[in-house]
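Along the sequence shown, residues are numbered consecutively beginning with 1.
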Amino acid sequence: MSRLDWFVLGAALLFVVCWGLYKGRGATTGEGYIGGGRDHRWWLIGLSIIATQTSAITFLSTPGLAYTDGLRFVQFYFGLPLAAIVLSMTALPLYHRLKVSTAYEILEDRFDLKTRLLAACLFLIQRSLAVGITIFAPALVLSVLLGWSIHANILLVGLLVMTYTVVGGTRAVAWAHSSQMVIIAFGMILAGVMTVHRLPPHVSLGDALHVAGGLGRLNAIDLRFDLNNRYNLWSGLIGGFFLMLSYFGTDQSQVQRYLAGSSLTQGRLGLLLNGMVKVPLQFLILLLGVLVFAFYQFQAPPLFFNPGPVKQVLAGPEAPAYRATEADYARAREAQRQRAEAFVTARHGGDAATIAAARMELQRAQAESEAVRQRGLAIIEKANPGTHPSDVNYIFLAYVLSSLPAGLVGLVLAAVFSGSMSSMSGEISALGATTVVDLWRRLIGGSRGVREVWVGRIATFAWGCFAMAFAEYAARLGSLIEAVNILGSLFYGTILGIFITAFYLKRVRGGTAFYAALVAEAGVLLCFKFTAISFLWYNLIGCLAVMGLAWGFSWFQSPGALPEST
C-alpha cells in the first residue's frame with residue numbers, strides 16, 4: 001500500500017471514531033445510553049439498520065462468493081421486503097405502544113420470566129458469536145496487509161470499535177453508522193467503476209457480463225424446489241422470510257435501531273427503507289464480484305488467493321510440485337484468456353452459431369483450468385493439513401491490493417473496515433442493552449441512572465471481549481458470509497416461534513412455551529448435525545416446531561385462567 005492509501009484509510013477510520021464519540025456525548029442516564037434518546041429520524045434509523053447488517057464480511061466474502069458461485073446468493077434476501085412490511089404493521093406498533101427497551105420484555109408479561117430469559121439468552125449466545133466472525137474479517141485484512149499476527153489484529157480492531165460504542169451507547173452507534181455508510185457507498189461504487197475501466201479496451205461492460213454469464217456467474221434466480229439447495233427462489237422467499245422476520249422483529253441489534261425513533265412512523269419508515277435498499281445493495285456487491293471474475297478472464301489470477309498457505313508450501317518439500325502446477329495453471333489460464341477473447345469477438349460478429357461454439361470452447365477451457373487448480377489445492381492441503389481449501393474470503397482483497405490504483409485501495413479498505421465497525425458496534429451495543437434490561441434490571445433489580453450507564457458500559461465491553469475471543473476460531477469456518485448466516489439460522493427460528501406464539505396462540509401459557517422452545521431448538525441443532533437440509537429452512541422449522549409443540553403441550557397444561565393478550 002502507498003502512503004496515500006494509508007492516509008485515506010487512517011483519516012476515514014479516525015473520522016468515524018471521533019464522530020461517534022462526539023455525537024454520543026452526554027449519555028448520563030440508562031435510557032439515554034440504551035435508547036439513544038428516542039429522537040432519531042427515519043433516514044438515520046434506516047442507515048443504522050443497513051449499517052448494522054453491512055459488515056466487513058459483506059465486502060470480503062460476498063464478492064468472493066459471487067466469483068466462485070455467481071449471483072444466486074441474492075435470493076437469500078428475497079424475503080426481506082415482505083418481512084419489513086409485516087413487521088411494520090405488527091411488531092413495531094406493539095413495541096412502541098409498550099415503550100419497551102428490548103424486544104424480550106413483552107415475553108414476561110405474556111408468558112413468564114424464564115421464557116423471557118430464554119429468548120434473551122438465545123439472542124446473547126448467537127449474536128455474540130456472530131460478532132466474533134465480523135471482527136475476524138477486518139483482522140484478516142490487516143494480517144494480509146501488514147503480516148501481523150492475526151491475534152494482535154483482532155485485539156486492535158475490537159478495541160477501536162469499542163472506543164466509541166462503550167462510551168456513547170446507542171446514539172454514538174447510530175451517528176457513526178451514518179458516516180460509515182457514506183464511506184462504504186463511495187468505496188464500493190468506485191471499485192466497480194475502476195474494475196470496468198481496467199477491462200481490455202475492446203471489452204465493454206456488456207461483453208464482460210456475457211463472458212461471466214457464459215461461465216455460469218449470472219445465475220441470480222433458481223426456480224427449482226430443493227430442500228438441500230441453499231439458495232433458490234423458494235428458500236429465499238420462504239426460509240428467508242422467516243429468517244428476516246426473526247432478525248428484524250426479535251433481534252435486539254435491529255429492534256434497538258427503530259426503538260430509538262422519535263415516533264412509530266419514523267421507525268416504520270426506517271425499516272421500510274432498509275427493505276427497499278438491501279436487496280439492490282446486495283445485488284450490486286455480488287455484481288462487483290462477478291465483474292472481478294470477468295476481469296480475471298483477461299488477466300492471470302493466482303492459483304490460490306490466500307498467500308499464507310502458499311508461502312508454507314513453497315517453503316517445504318512440496319514446493320517443486322506446486323511450482324510445476326502453477327506453471328500448468330498459467331498455461332491453462334492463458335488458453336482460457338484466448339477463448340474469452342474469441343468469445344467477445346464472436347459476440348461482436350453477431351452470428352448465433354459462432355457465439356454458441358465460442359461459449360462452449362470457453363467453458364471447456366474453464367473446466368480444464370479448474371482441474372489444474374484442484375491439483376494445486378490438493379498439494380496445499382497435503383503440505384498444510386487442516387488448511388481450509390476455500391479462498392473465497394481472500395479473492396476480493398487480493399484483487400484490490402493488486403489491481404486498483406493508489407488512494408482507491410485505501411478507500412476500499414476504509415469501506416471494509418467501516419462495514420466491520422458498523423456491524424460490530426451495533427451488535428455489541430445491543431448485547432450490552434439486553435444484559436442491562438433483561439438481566440441487570442430484572443434479576444438483580446439494579447437501579448436506573450448514572451450507575452446503570454456504567455453497568456451498560458461494562459457489559460458492552462465484556463461482550464466485545466468475548467466476541468474477540470471467539471474471533472480466534474472464525475478462520476476455521478470457510479465462507480464467512482455463509483457462516484454468519486448459518487449461525488443465525490440455528491437460533492432465529494426458535495426465537496421467532498416464541499414471539500409468534502406469544503402474539504397469536506392465546507391459549508398457550510409460559511411454561512408451555514418455554515419447554516416447547518427448548519425441544520424445538522434441540523431439533524434445529526439435530527437437523528444441522530445430521531441432515532443436508534439448507535440452513536435457510538431451519539428458520540421455518542424452528543418457528544413451526546415451537547408453535548406446534550406449544551399448541552400441543554397446551555392441552556396438558558394445568559387448568560387456570562389464560563393470560564391476557566399483550
Could you check whether any side-chain heavy atom of [X] comes within less than 4.5 Å of a side-chain heavy atom of [Y], counting everything from C-beta outward?
X      : Y      : result
Leu314 : Lys311 : no
Ile533 : Phe528 : no
Ser429 : Trp463 : no
Leu209 : Leu291 : yes
Leu431 : Phe466 : no
Val131 : Phe470 : no
Arg359 : Ile355 : yes
Gln75  : Ser235 : no

Pair Met188, Leu284 - check side-chain contact (heavy atoms from CB on, under 4.5 Å), show working. CA-CA 9 Å; Met188 291 298 105; Leu284 291 175; over 6 Å; no
Nearest heavy-atom pair of [X] and [Y]: which atoms, and what distance?
X      : Y      : answer
Phe305 : Ala398 : CD2-CB, 3.6 Å
Asn393 : Ser61  : OD1-OG, 3.0 Å
Leu401 : Leu413 : CD2-CD1, 4.4 Å
Ala471 : Gly132 : CB-O, 3.1 Å
Arg333 : Gln299 : NH2-O, 4.4 Å
Ser128 : Ala467 : O-CB, 3.8 Å

Looking at [Y], is its backbone amide N or carbonyl O close enough to the side chain of [X] to form a donor-acceptor pair, meaning the two atoms are under 3.5 Å apart?
X      : Y      : result
Asn219 : Asp69  : yes
Gln126 : Leu487 : no
Thr68  : Leu65  : yes
His210 : Gly206 : yes

Kindly indicate, with the supporting measurements, whether the criterion salt bridge (charged side-chain N to carboxylate O under 4.0 Å, His left out) is fulfilled by Asp222 and Arg224. CA-CA 6 Å; Asp222 186 349; Arg224 294 172 298 171; 2.8 Å; yes
For Tyr231 and Phe76, take the angle between the two ring planes, folded into 0 to 90°, and tell me which bin it lands in: parallel under 30, tilted 30 to 60, perpendicular over 60.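 Because their plane-to-plane angle is over 60°, the rings of Tyr231 and Phe76 count as perpendicular.
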On the 0 to 90° scale, with breaks at 30° and 60°, tag the Phe225-Trp234 ring pair as parallel, tilted or perpendicular.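 Aromatic pair Phe225/Trp234 classed tilted.
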Test Leu159 against Met162 for side-chain contact (heavy atoms from CB on, under 4.5 Å), laying out the working first. CA-CA 5 Å; Leu159 292 179; Met162 286 194 288; 3.7 Å; yes
Hey, would you say the Tyr247 and Phe491 ring centroids sit under 6.0 Å apart?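 Not close enough - the centres of the two rings lie 6.0 Å or further apart.
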Could you check, using the six-membered ring where one of them is a Trp, whether Tyr77 and Phe241 have ring centers closer than 6.0 angstrom?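 No, the ring of Tyr77 stays outside the 6.0 Å limit from the ring of Phe241, centre to centre.
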Geometric cation-pi criterion, Arg337 with Phe298: 6.0 Å, 45°: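 No - Arg337 does not lie over the ring of Phe298 by the 6.0 Å and 45° rule.
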About how many Å separate [atom2] of [Y] and [atom1] of [X], when rounded to the nearest 0.5 Å?
X      : Y      : atom1 : atom2 : result
Leu243 : Phe248 : CG    : CZ    : 8.5 Å
Tyr296 : Tyr399 : OH    : OH    : 7.5 Å
Ile154 : Met468 : CD1   : CE    : 9.0 Å
Tyr329 : Gln374 : OH    : CD    : 10.0 Å
Thr531 : Ile541 : OG1   : CD1   : 7.0 Å
Leu245 : Asn539 : CG    : CG    : 9.5 Å

Under the side chain to side chain donor-acceptor pair (under 3.5 Å) criterion, do Thr250 and Tyr492 qualify, and how do the steps go? CA-CA 8 Å; Thr250 70; Tyr492 278 139; over 6 Å; no
Take Gln338 and Glu334 through the side chain to side chain donor-acceptor pair (under 3.5 Å) test and state the conclusion after the steps. CA-CA 6 Å; Gln338 294 174 6; Glu334 173 59 22; 3.2 Å; yes
Is a salt bridge present between [X] and [Y], judged by a nitrogen-to-oxygen distance below 4.0 Å?
X      : Y      : result
Asp391 : Arg373 : yes
Arg375 : Asp328 : yes
Arg364 : Glu361 : yes

Step-by-step side-chain contact (heavy atoms from CB on, under 4.5 Å) determination, Arg217 to Leu71: CA-CA 6 Å; Arg217 295 306 190 271; Leu71 295 174; over 6 Å; no
Hey, are [Y] and [X] close enough side-chain-wise for a donor-acceptor pair under 3.5 Å?
X      : Y      : value
Asn274 : Gln254 : no
Glu427 : Ser253 : no
Asp207 : His202 : no

Using the side-chain contact (heavy atoms from CB on, under 4.5 Å) definition, which of the options Val203, Leu215, Val344 pairs with Gln297?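 Testing Gln297 for a side-chain contact (heavy atoms from CB on, under 4.5 Å) against Val203, Leu215, Val344 leaves exactly one candidate, Leu215.
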Evaluate side-chain contact (heavy atoms from CB on, under 4.5 Å) for Thr325 paired with Val372, printing each intermediate quantity in order. CA-CA 7 Å; Thr325 305; Val372 177; 4.1 Å; yes
